[in-house]
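Input: a single structure, listed below in structure tokens.
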Protein chains: 4
Amino acid sequence: MFRSLNMDPEKEDRIIKAATKVFAENGYQRASTNAIVKEAGVSKGILFHYFNSKKELYLTLYEDLSELFAEKIYNQLDSEERDIFEIIRGVSIIKFEMFSMYPDLINFLNSAFQEEAPEVKEGIDQIKGALTDSSFTKLFSNIDATKFREGIDVGKAIQIIYWTFEGFANQQQAKARTISVNELNKEEILAEINSYTELLKKSFYK
Amino acid sequence: MFRSLNMDPEKEDRIIKAATKVFAENGYQRASTNAIVKEAGVSKGILFHYFNSKKELYLTLYEDLSELFAEKIYNQLDSEERDIFEIIRGVSIIKFEMFSMYPDLINFLNSAFQEEAPEVKEGIDQIKGALTDSSFTKLFSNIDATKFREGIDVGKAIQIIYWTFEGFANQQQAKARTISVNELNKEEILAEINSYTELLKKSFYK
Amino acid sequence: MFRSLNMDPEKEDRIIKAATKVFAENGYQRASTNAIVKEAGVSKGILFHYFNSKKELYLTLYEDLSELFAEKIYNQLDSEERDIFEIIRGVSIIKFEMFSMYPDLINFLNSAFQEEAPEVKEGIDQIKGALTDSSFTKLFSNIDATKFREGIDVGKAIQIIYWTFEGFANQQQAKARTISVNELNKEEILAEINSYTELLKKSFYK
Amino acid sequence: MFRSLNMDPEKEDRIIKAATKVFAENGYQRASTNAIVKEAGVSKGILFHYFNSKKELYLTLYEDLSELFAEKIYNQLDSEERDIFEIIRGVSIIKFEMFSMYPDLINFLNSAFQEEAPEVKEGIDQIKGALTDSSFTKLFSNIDATKFREGIDVGKAIQIIYWTFEGFANQQQAKARTISVNELNKEEILAEINSYTELLKKSFYK
DNA sequence: GATGAATGAGTGTTCATTCAT
DNA sequence: CATGAATGAACACTCATTCAT
């Protein structure tokens, strides 16, 4: 997966993991290459030997993790599914599970989403654009419009649904900073996802 | 408005404007006090004479601009209005107009909203909390629930409406980075706000 | 006492006291004029109006407090006394009492004694020289040499006695940093002064 | 001796020497890292690469030079010697010779002895404590008390002897600031050390 | 006389990147 | 291939002194 010249795969992995963690925790600017090499237990030189600059490291990471994430979604999601709520719930659950398993990955992706540093902003947007075109819109392009009530602008309805789940996810993440996730509130969260789903279905569906 | 000891008001203004701009464009961390004093055309010393630290400058700015913004909202909004769509449309329009007049102010507030730098995060949250309690929730506390259809969870419906307009605003802002706002798309944007309003009303209201 | 041009005596006093304290606690270099004016509750300008520079403030202070101290010694000491032990014991006790009443004064004088900052070092030495010549050596110039045993170099013996009490004072001061002085150890200290006196008398006197 | 990771020993030496000199001449506070790197002819970065802060540089220096000094004393002193005058004369001579060879070292150690800067004071005391316990008191713990005259408090007598030589050393050092040491006064100084020794022996010994 | 706003060189420290080994 | 020593510009912040009011 990673475009290695001659990379020792174990060392590769250590750098990837360390960089993901450090970038996720600090954002692009605050993350120092020193912290990354220290966390990875490798030398300074090797980092710049493989990735030529901090920027390239970040963007490579972003691209690869985004792809990994998209693949996961693509593989685990029933591609025949045409009900938008089922699609979004599916995505939410996959995201939720990945967060339990690879919190750094999800945190990195989220922090990248709102990264402001000009050195990488453009690069992020380009990668995001490419990915969105190739896989993300696909997700929403096949929606079964016949389930919506007459007179409803389906495109806009989909946007509303999307923003709702996005807003909800942000809300949960904000909470998660103070309260640690455990089984108890996992149930609660899923229940609340269902409430929003029901409400939107009742409103938009026939 | 600004707690100046005896600041020359013109110099005060230059510092405020410069800091707002530089912070808005770079976020807390990347923004350098050097860039601010250069932009403002003042000496290094004077900045620290009035604001004791970069952190204090940022937080003072945030507090004052938030208040200014909240006041504007408070003054221009009909406080008798109990229809949530009218409230949110009002807020959106005020925001929109302020962005045309003081783009740095709005950009600063938005960037503060998602600021990650630990030096100021807590401070931002505190100020936000104080403001939200005193004025923002007030906005939504008085909603006329009788307009909603039977069986609809009004609290959740309000959240959806809020997230929708928030998502829309973000979308517009993202576009605005590449395309400059002009009269033409102002009309379009307002039209689209209306479309979303109609759609949500049709779905949630009796 | 202080060479005031037109100084408001009450303001004068506040500056003097504040400067003594701040210099005593921080030494010349670390003491900031800001801290002094803040402590004194006066404006920055007035400090530099009366004393033209930090250096002049320090040296003026040093000179005046030294004189004050020398005067106190001179007044309270029996000038007819020709026994060196009585003289030194007298000085020690006066110092000790002054420390209880004006700790900043004594602390300032002590810190000045070992001040390293080149801006003031020379000035201190000059003042010290002048004072020592005019009053301090006088103290020791009149010693009754006949009390010493035959064959003893009286000048050197006096030096030894002087260094002993100086060393003892430093030792006490070092202790005082951790333990606060109270009545109990005041007695102890005086007792120990007496022991050293006895020992030296037994050794040097006939 | 110095805990260098992989320091080029010649560069190491330059930094050490420069820092010793600059600290000795200015004390902790006034000594600037700029002055040190300039004196050493190295880059700013490298100083902080090896020593993480000015404080650490100072304390490392202090510890190493103290040890070096203690070792020298330990090695050159006859450990069987139980006559306090011989011990102290030995120490004085070693100190004197070291001052001729490494004046900065001795000056640094002396200035550290009376360093007031709060950033390093505690650290100095800790190191001093550790050293004193391990080696210095050892020097005085084995004194032959039988040489002292009857009725003399040996502990106090030792203190007097110690303070005398300390006072003498300070006096010489103060002089040395204005007059440079040369062979001529080396002889004089040793002669004077002998006079004080004789006087104290005559007074305290049987 | 009295104020405190204003200056700008100076401080300790950080950091991405390079390169001799 | 791999190391980590080395660089130096940039950073936030301080401070004695001046001067318009």
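The sequence lines fix the lettering, A, B, ..., with proteins before strands; numbering per chain opens at 1. Predicted model only: the values in this text are computed from it and were never measured.
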Can you measure from [atom1] ([X]) to [atom2] ([Y]) and round to the nearest 0.5 angstrom?
X      : Y     : atom1 : atom2 : result
B:K11  : B:I16 : NZ    : CD1   : 14.0 Å
B:T33  : B:L47 : OG1   : CG    : 6.5 Å
D:I106 : D:F69 : CD1   : CZ    : 5.0 Å

Taking the inter-plane angle between the rings of C:F108 and C:Y62 on a 0 to 90° scale, is it parallel (under 30°), tilted (30 to 60°) or perpendicular (over 60°)? tilted
For C:S32, enumerate each residue passing the side-chain contact (heavy atoms from CB on, under 4.5 Å) test, keeping only those at least two apart in sequence or located in another chain. C:N34, C:A35
Euclidean distance, atom [atom1] of residue [X] to atom [atom2] of [N] [Å, nearest integer]:
X     : N      : atom1 : atom2 : value
B:L57 : F:dC13 : CG    : C1'   : 13 Å
D:F23 : E:dG12 : CZ    : C1'   : 11 Å
D:I36 : E:dT11 : CD1   : P     : 11 Å
D:E56 : E:dT13 : CD    : C1'   : 13 Å
B:K38 : E:dT7  : NZ    : C1'   : 18 Å
B:R14 : E:dA5  : CZ    : C1'   : 13 Å
C:Y58 : F:dA16 : OH    : C1'   : 17 Å

Sugar-phosphate or base contact per nucleotide [nucleotides 7-12 of chain F; S, B, -; heavy atom under 4.0 Å]: BB--SB
Is the closest basic N to carboxylate O distance between B:D13 and B:K17 below 4.0 Å? yes
Side chain to side chain, A:E119 and A:Q29, heavy atoms closer than 4.5 Å: yes
For B:K21 and B:I36, indicate whether the former's side chain and the latter's backbone hold a donor-acceptor pair under 3.5 Å. no
Tell me, what's DNA chain E's dot-bracket, Watson-Crick or G-U with both distances under 3.5 Å, | for other-strand, [ ] crossing? .||||||||||||||||||||
Is the phosphate of F:dC1, meaning OP1 or OP2, less than 4.0 Å from a side-chain N or O of A:Y50? no
Going by the side chain to side chain donor-acceptor pair (under 3.5 Å) test, name the single residue among A:E115, A:Q126, A:E116 that passes it with A:K121. A:E116
